[in-house]
**Q** 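One structure coming up, written as structure tokens, with questions to follow.
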Amino acid sequence: MAVTNPEEKNKRFVLVVDSNVDDRFSTSMLLQRFGCNIFTAHSAAEAIEFMCVAPPAAVVSEAGQTGAEILSRIKKEPRFSDVPLILLSSSPDRALEDRARHGEFVAFLRKPINIEEFYRIVEEVIHRGPRRNIRVATYLMANLEDDLARDEGYVTVLSEYGMFFRTLAPRPVNTRVAVTFDIKGRAIQLEAVVLYVTSFNEGPFKEPGVGLKFTKVSPEDRTLIKAFILERVQEGIGQQGPIGS
């Protein structure tokens with residue numbers, strides 16, 4: 001079993017099970033970039049042994065015999081009854097698709113994984129939150145402007161519909177602003193509204209700045225932002241599949 005960080009054992013984690021080392025790595029990297037803590041196993045027996053010690057927040061497993069063994073154990077063990085199972089396969093399987101639709105497990109996805117679909121499922125079953133759009137860490141220089149002033153800062157978190165703008169001169173909540181930044185040499189210009197404000201004194205890991213929700217973005221700029229995000233999520237991962245269709 002592999003542990004991404006032994007000090008995180010007591011945190012909720014996702015167990016990735018796959019006998020193919022490349023696929024196991026790719027799936028684990030995606031989940032880490034989704035903000036998940038990861039443990040891995042290469043067989044159903046190893047996964048079940050691990051689950052008996054520390055039940056995960058969810059299991060993402062290859063289908064076939066491995067997935068069948070894990071699903072059987074989850075059904076038999078009351079303590080595992082609320083552990084979501086996501087099955088992955090390189091081949092279509094109508095029977096598994098039907099079983100997923102009938103709620104026997106969370107989802108059946110084809111490899112290479114559709115990243116946006118995978119992200120939505122992970123958010124729904126693990127984080128239990130409304131966020132449905134991939135966010136990535138960035139460090140893009142940007143300008144923020146309103147009726148009073150224009151300030152330089154950095155986009156440190158970016159999604160298709162919003163961002164975190166790091167600045168020492170934050171605007172009040174509900175302020176409407178214009179933001180300009182570059183992606184691969186192309187200037188992105190959009191309008192946004194301030195949703196929240198953070199400062200240094202809110203904690204050791206808080207950046208000063210504002211969380212913004214986009215209110216006006218051209219279709220061309222949105223497409224470029226989305227492509228940039230998906231590219232960042234897949235960076236360094238061998239499997240390349242349908243990324244947004």
**Q** Please report the closest heavy-atom contact between Leu168 and Pro208, naming both atoms and the distance.
**A**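 Of all heavy-atom pairs spanning Leu168 and Pro208, the closest is CD2-CG, 3.8 Å.
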**Q** Does a side-chain heavy-atom distance below 4.5 Å link Thr175 with Val173?
**A**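 Answer no - side chains too far apart.
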**Q** If you take all heavy atoms of Ala57 and Pro84, which pair is closest and at what distance?
**A**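 Heavy atoms of Ala57 and Pro84 come nearest at O-CD, 3.0 Å.
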**Q** Any salt bridge linking Glu145 with Arg171? Criterion: basic side-chain nitrogen under 4.0 Å from a carboxylate oxygen.
**A**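 No, this pair does not count.
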**Q** Quick one: are Val194 and Val197 in side-chain contact, heavy atoms under 4.5 Å?
**A**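 SC-SC contact between Val194 and Val197 confirmed.
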**Q** Applying a strict under-4.5 Å side-chain criterion to I, L, V, M, F, W and Y, I'd like to know whether Ile48 and Val60 cluster together.
**A**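 Cluster IDs for Ile48 and Val60 differ.
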**Q** Ignoring hydrogens and geometry, is there a side-chain-to-backbone donor-acceptor pair from Arg79 to Cys52 under 3.5 Å?
**A**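 Present.
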**Q** Return the CG to OH distance between Asn143 and Tyr154, rounded to the nearest 0.5 Å.
**A**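 Rounded to the nearest 0.5 Å, the CG-OH separation comes to 10.5 Å.
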**Q** Is any side-chain heavy atom of Leu88 less than 4.5 Å from a side-chain heavy atom of Ile113?
**A**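 With C-beta onward as the side chain, the pair touches.
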**Q** Heavy atoms only: give me the nearest Phe80-Pro55 pair and the separation to one decimal.
**A**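 For Phe80 and Pro55, the tightest heavy-atom pair comes out as CE2-CG, 4.2 Å.
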**Q** For Ala68, is there any backbone N or O sitting under 3.5 Å from a side-chain donor or acceptor partner on Ser72?
**A**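 Side chain of Ser72 to backbone of Ala68: no pair is present.
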**Q** If only side-chain N and O atoms count, and only distance matters, is there a donor-acceptor pair under 3.5 Å linking Glu62 with Ser89?
**A**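 No pair is found: no donor N or O on one side chain lies under 3.5 Å from an acceptor on the other.
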**Q** Does a sphere of radius 6.0 Å around CZ in Arg101 hold more than 12 heavy atoms from other residues, nucleotides or ligands, not counting ones at 6.0 Å or beyond?
**A**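 Counting neighbours around CZ of Arg101, more than 12 heavy atoms of other residues, nucleotides or ligands fall under 6.0 Å, so yes.
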**Q** From Asp98 CG over to Phe108 CZ, what is the distance, rounded to the nearest 0.5 angstrom?
**A**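 One gets 10.5 Å once the value is rounded to the nearest 0.5 Å.
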**Q** Examine distances only and state if a side-chain atom of Thr156 and a backbone atom of Tyr139 form a donor-acceptor pair shorter than 3.5 Å.
**A**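 Not a single qualifying donor-acceptor pair exists.
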**Q** Is the Phe50-Phe39 ring centre distance short of 6.0 angstrom?
**A**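 Yes, ring centres under 6.0 Å apart.
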**Q** Side chains of Leu158 and Phe228, heavy atoms from C-beta outward: is any pair under 4.5 Å?
**A**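 Yes, their side chains come closer than 4.5 Å.
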**Q** From Ser61 OG over to Asp18 CG, what is the distance, rounded to the nearest 0.5 angstrom?
**A**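 One finds 7.0 Å between OG of Ser61 and CG of Asp18.
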**Q** Any side-chain heavy atom of His42 within less than 4.5 Å of one from Arg24?
**A**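 Yes, close enough: below the 4.5 Å cut-off.
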**Q** Using modelled atom types and a 3.5 Å cut-off, is there a donor and acceptor pairing between side-chain atoms of Asp146 and backbone atoms of Ala149?
**A**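 Yes, the answer is positive, given that a donor and an acceptor are paired below the 3.5 Å cut-off.
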**Q** Taking the basic N atoms (NZ, or NE/NH1/NH2) and the acidic carboxylate oxygens, is any pair closer than 4.0 Å for Asp221 and Arg186?
**A**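 Counted as a salt bridge, because a side-chain N and a carboxylate O are separated by less than 4.0 Å.
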**Q** Applying side chain to side chain contact (heavy atoms under 4.5 Å, CB included) to Ser81 and Ile74, what does each step give before you reach the verdict?
**A** CA-CA 6 Å; Ser81 61; Ile74 286 176; 5.9 Å; no
**Q** Test side chain to side chain contact (heavy atoms under 4.5 Å, CB included) on Val17 and Thr40; report intermediate values, then the result.
**A** CA-CA 6 Å; Val17 191; Thr40 67; over 6 Å; no
**Q** For Thr198 and Glu207, test the side chains for any donor-to-acceptor distance below 3.5 angstrom and give the result as yes or no.
**A**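 No pair is found: no donor N or O on one side chain lies under 3.5 Å from an acceptor on the other.
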**Q** Would Tyr161 end up clustered with Phe34 when hydrophobic side chains under 4.5 Å apart are linked, directly or stepwise?
**A**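 Different hydrophobic clusters.
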**Q** With distance as the sole test, does Arg222 use its side chain to make a donor-acceptor pair with the main-chain N or O of Glu160 at under 3.5 Å?
**A**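 Yes, the answer is positive, given that a donor and an acceptor are paired below the 3.5 Å cut-off.
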**Q** How many angstroms lie between CZ in Arg110 and OG in Ser91, if you round to the nearest 0.5 Å?
**A**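 Atom-to-atom, Arg110:CZ and Ser91:OG are 6.5 Å apart.
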**Q** Treating Ile, Leu, Val, Met, Phe, Trp and Tyr as nodes and any side-chain heavy-atom pair under 4.5 angstrom as an edge, say whether Leu224 and Val157 lie in one connected cluster.
**A**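 Looking at the clustering, Val157 is in a separate group from Leu224.
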**Q** To the nearest 0.5 Å, what is the distance between CG on Leu140 and OG1 on Thr180?
**A**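 Answer for the CG-OG1 pair, Leu140 versus Thr180, is 12.5 Å.
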**Q** Which pair of non-hydrogen atoms, one from Phe105 and one from Leu96, has the smallest distance, and what is that distance?
**A**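 Minimum heavy-atom separation between Phe105 and Leu96: CZ-O, 3.4 Å.
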**Q** Side chain to side chain contact (heavy atoms under 4.5 Å, CB included) for Ile183 and Ile225? Distances and angles first, verdict last.
**A** CA-CA 8 Å; Ile183 290 181; Ile225 290 170; 4.0 Å; yes
**Q** According to a hydrophobic-cluster definition based on side-chain heavy atoms being under 4.5 Å apart (Ile, Leu, Val, Met, Phe, Trp, Tyr only), do Val136 and Ile188 belong together?
**A**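 Yes, one cluster joins them.
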**Q** So that I can tick it off, tell me whether Asp23 and Lys111 are bridged by a salt bridge, with the cut-off set at under 4.0 angstrom between side-chain N and carboxylate O.
**A**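 A salt bridge is present here (some side-chain N lies under 4.0 Å from a carboxylate O).
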**Q** Can we say Arg33 and Glu235 salt-bridge, meaning some charged N sits less than 4.0 Å from an Asp/Glu carboxylate O?
**A**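 Salt bridge absent between Arg33 and Glu235.
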**Q** Heavy atoms only: give me the nearest Glu104-Leu71 pair and the separation to one decimal.
**A**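 Looking at all heavy atoms of both residues, the closest pair is O-CD1, 3.6 Å.
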**Q** Closest approach of Ile38 and Ser28, non-hydrogen atoms and distance?
**A**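 Looks like CG2-OG, 3.7 Å.
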**Q** Can you measure from CG (Asp182) to CD (Gln189) and round to the nearest 0.5 angstrom?
**A**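 So the gap between those two atoms works out to 9.5 Å.
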**Q** Checking salt bridge (charged side-chain N to carboxylate O under 4.0 Å, His left out) between Lys226 and each of Glu220, Glu116, Glu231, which is the one that passes?
**A**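 Only one option passes, and that is Glu116.
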**Q** Determine whether His102 and Arg99 make a side-chain contact, defined as any pair of heavy atoms from C-beta on separated by less than 4.5 Å.
**A**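 SC-SC contact between His102 and Arg99 ruled out.
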**Q** Do Val177 and Phe164 land in one hydrophobic cluster if side-chain heavy atoms of ILVMFWY residues count as linked below 4.5 Å?
**A**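 No: no chain of side-chain contacts under 4.5 Å links Val177 to Phe164.
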**Q** Do Leu212 and Val193 come close enough that some side-chain heavy atom pair is under 4.5 Å?
**A**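 Result no, sub-4.5 Å side-chain heavy-atom pair not found.
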**Q** Taking the side chain as everything from C-beta on, heavy atoms only, tell me whether Met51 gets closer than 4.5 Å to Val59.
**A**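 A side-chain contact under 4.5 Å exists here.
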**Q** Under the side chain to side chain contact (heavy atoms under 4.5 Å, CB included) criterion, do Phe181 and Met163 qualify, and how do the steps go?
**A** CA-CA 12 Å; Phe181 60 100; Met163 66 167 63; 3.4 Å; yes
